Amino acid sequence: MSPTIAILGGTGPAGTGLALRWARAGESIIIGSRSAQRARDAAAKIADKLGSAAIVTGDSNANACAASDLLALTVPFEGQAALLKELKPSLKPGSILIDATVPLASGVGGRASRTLGVWQGSAAQQAAELVPKGVTVVAAFQNCSADVMNGDGPVECDVIVCSEDPAATQMVCDLAAKIPGVRAIDGGKLENARIVEQITALLIGLNIRHKGHGGIRITGLPPTSYRSSK
Ligand SMILES: NC(=O)c1ccc[n+]([C@@H]2O[C@H](COP(=O)([O-])OP(=O)(O)OC[C@H]3O[C@@H](n4cnc5c(N)ncnc54)[C@H](OP(=O)(O)O)[C@@H]3O)[C@@H](O)[C@H]2O)c1
């Protein structure tokens, strides 16, 4: 069992998908939102679905952030920087922030199958620049379809985990592997998040074209490179 996981901006499909999957695996979850009531409503829906054993609560982003040092960030790119600046006082050194943000062009009226250029290289690197010293940003889950994550079946998607801290990468790989069907792979440095984020735009285009919920699989690595629940 890991410490409580706070999911900031956790009321949208990406956040509720993670909350559902981790709560189902026995993790304790706080969903964060700009509205504590919206967070409590989202938490209640998940608790209803999973039954009394599930530990899922909701609170404001600031309170959720203050209550945990294991955080996930699931907001649109256009809200990422402002939210991280606002939460800076609540982010504790030693915390891990799992960032699933993708800089989709749809945020500025473009197509969701295209990405925006980010000065720092990627949304995850932008997050790393904004968090206080001592907070480790780990990029992960950008390629997992929220539709699939919010369902009950296995999530047929590899999760490429990137950060500057190998121990934090391993911790997030362990968390990802708790989701049935997911295989977590150490993706190396945080700068590789740029490529992983781009893949999401491709997947969105493919999903529109083929009317599906595609994910990715990386083949041919040694078995020890894949972390999964099997
Ligand atoms: N959807 C997917 O399949 C998927 C898959 C992988 C990665 N992602 C990435 O994960 C992130 C979240 O995706 P999503 O589909 O869940 O997005 P979303 O529904 O548009 O937004 C998620 C939540 O973020 C909060 N939010 C929205 N705008 C905000 C702003 N300007 N400032 C602060 N908070 C804001 C909202 O919560 P409150 O109003 O309750 O605060 C909202 O419920 C995105 O960066 C996306 O690219 C999505």
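Just so you know, these numbers come straight off a predicted model, no measurement behind them. Along the sequence shown, the residues carry numbers beginning at 1. All values below come from the heavy atoms of this structure, side chains included, with hydrogens, waters and symmetry mates left out. Counting starts at 1 for both ligands and their atoms, following the listed order.
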Quiz item: Got the closest protein heavy atom to atom 45 (O) of ligand 1, with its distance?
Solution: Val75 O, 2.7 Å
Quiz prompt | ligand 1 to Pro13 polar contact by distance, N or O atoms, under 3.5 Å | solution = yes
Quiz item: Is the closest heavy-atom distance from Gln142 to ligand 1 below 4.0 Å?
Solution: yes
Self-check item: For atom 1 (N) of ligand 1, closest protein heavy-atom neighbour
Solution: Ala146 CB, 3.5 Å
Exercise. Not counting sequence neighbours, list each pair that qualifies as a side chain to side chain donor-acceptor pair (under 3.5 Å) and has a residue in residues 184-197.
Key: Glu164-Lys189
Practice problem: Please write down residue, atom name and distance for the protein heavy atom closest to atom 13 (O) of ligand 1. | Solution: Ala14 CB, 3.5 Å
Quiz item: By number and element, which atoms of ligand 1 are closer than 4.0 Å to a non-hydrogen atom of Thr101?
Solution: 45 (O)
Self-check item: Heavy atoms of other groups near Lys49 NZ, more than 12 under 6.0 Å
Solution: yes
Self-check item: Between CD1 on residue Ile29 and CG on residue Leu70, distance to nearest 0.5 Å
Solution: 8.5 Å
Exercise. Kindly confirm or rule out an N or O of Thr11 lying under 3.5 angstrom from an N or O of ligand 1.
Key: yes
Practice problem: Decide whether Asp147 and Ser145 meet the rule of one side-chain donor and one side-chain acceptor closer than 3.5 Å. | Solution: no
Quiz prompt | Nearest-contact summary for atom 22 (C) of ligand 1 - protein heavy atom, Å | solution = Thr74 O, 3.4 Å
Quiz item: Above 12 or not: heavy atoms from other molecules or residues under 6.0 Å from CZ of Arg38?
Solution: yes
Quiz prompt | Sub-3.5 Å N/O-N/O distance, Ser33 and ligand 1 | solution = yes
Practice problem: Give the residue and atom name of whichever protein heavy atom lies nearest to atom 46 (C) of ligand 1, and the separation in Å to one decimal. | Solution: Val102 N, 4.2 Å
Quiz item: Would you call Cys144 a ligand 1 contact, heavy-atom distance under 4.0 Å?
Solution: yes
Quiz item: Using a distance-only test with no angle check, is there a side-chain donor-acceptor pair under 3.5 angstrom linking Asn61 and Glu86?
Solution: no
Quiz item: Relative to ligand 1, is Ala39 under 4.0 angstrom through side chain, backbone, both or neither, heavy atoms considered?
Solution: neither
Practice problem: Would you give the length of the straight line joining atom OG of Ser33 to atom CG of Asp41, rounded to the nearest 0.5 angstrom? | Solution: 9.5 Å
Quiz item: Got the closest protein heavy atom to atom 31 (N) of ligand 1, with its distance?
Solution: Gly79 CA, 3.5 Å
Quiz prompt | Modelled atom types, side-chain donor and acceptor of Asp174 and Gln170, under 3.5 Å | solution = no
Practice problem: Nearest heavy atom to atom 21 (O) of ligand 1 wins, so pick from Gly17, Pro76, Ser60. | Solution: Pro76
Quiz prompt | Over 12 non-hydrogen atoms of neighbours within 6.0 angstrom of CZ in Arg209 | solution = no
Practice problem: Please confirm whether Leu104 comes within less than 3.5 Å of ligand 1 when only nitrogen or oxygen atoms on both sides are compared. | Solution: no
Quiz item: With a 3.5 Å cut-off and no angle check, do the side chains of Thr200 and Gln142 form a donor-acceptor pair?
Solution: no
Quiz prompt | Leu8 CG to Ile31 CD1 distance, which is reported to the nearest 0.5 Å | solution = 11.0 Å
Self-check item: Close side-chain approach of Glu27 and Arg21, heavy atoms under 4.5 Å
Solution: no
Practice problem: Starting from atom 8 (N) of ligand 1, find the nearest protein heavy-atom neighbour and note its residue, name and distance. | Solution: Ala100 O, 3.8 Å
Quiz item: Hey, is Arg34 touching ligand 1 through its side chain, its backbone, both or neither, going by heavy atoms under 4.0 Å?
Solution: both
Quiz item: Less than 3.5 Å between some nitrogen or oxygen of Arg38 and one of ligand 1, yes or no?
Solution: yes
Exercise. Starting from atom 23 (C) of ligand 1, find the nearest protein heavy-atom neighbour and note its residue, name and distance.
Key: Gly9 O, 3.4 Å
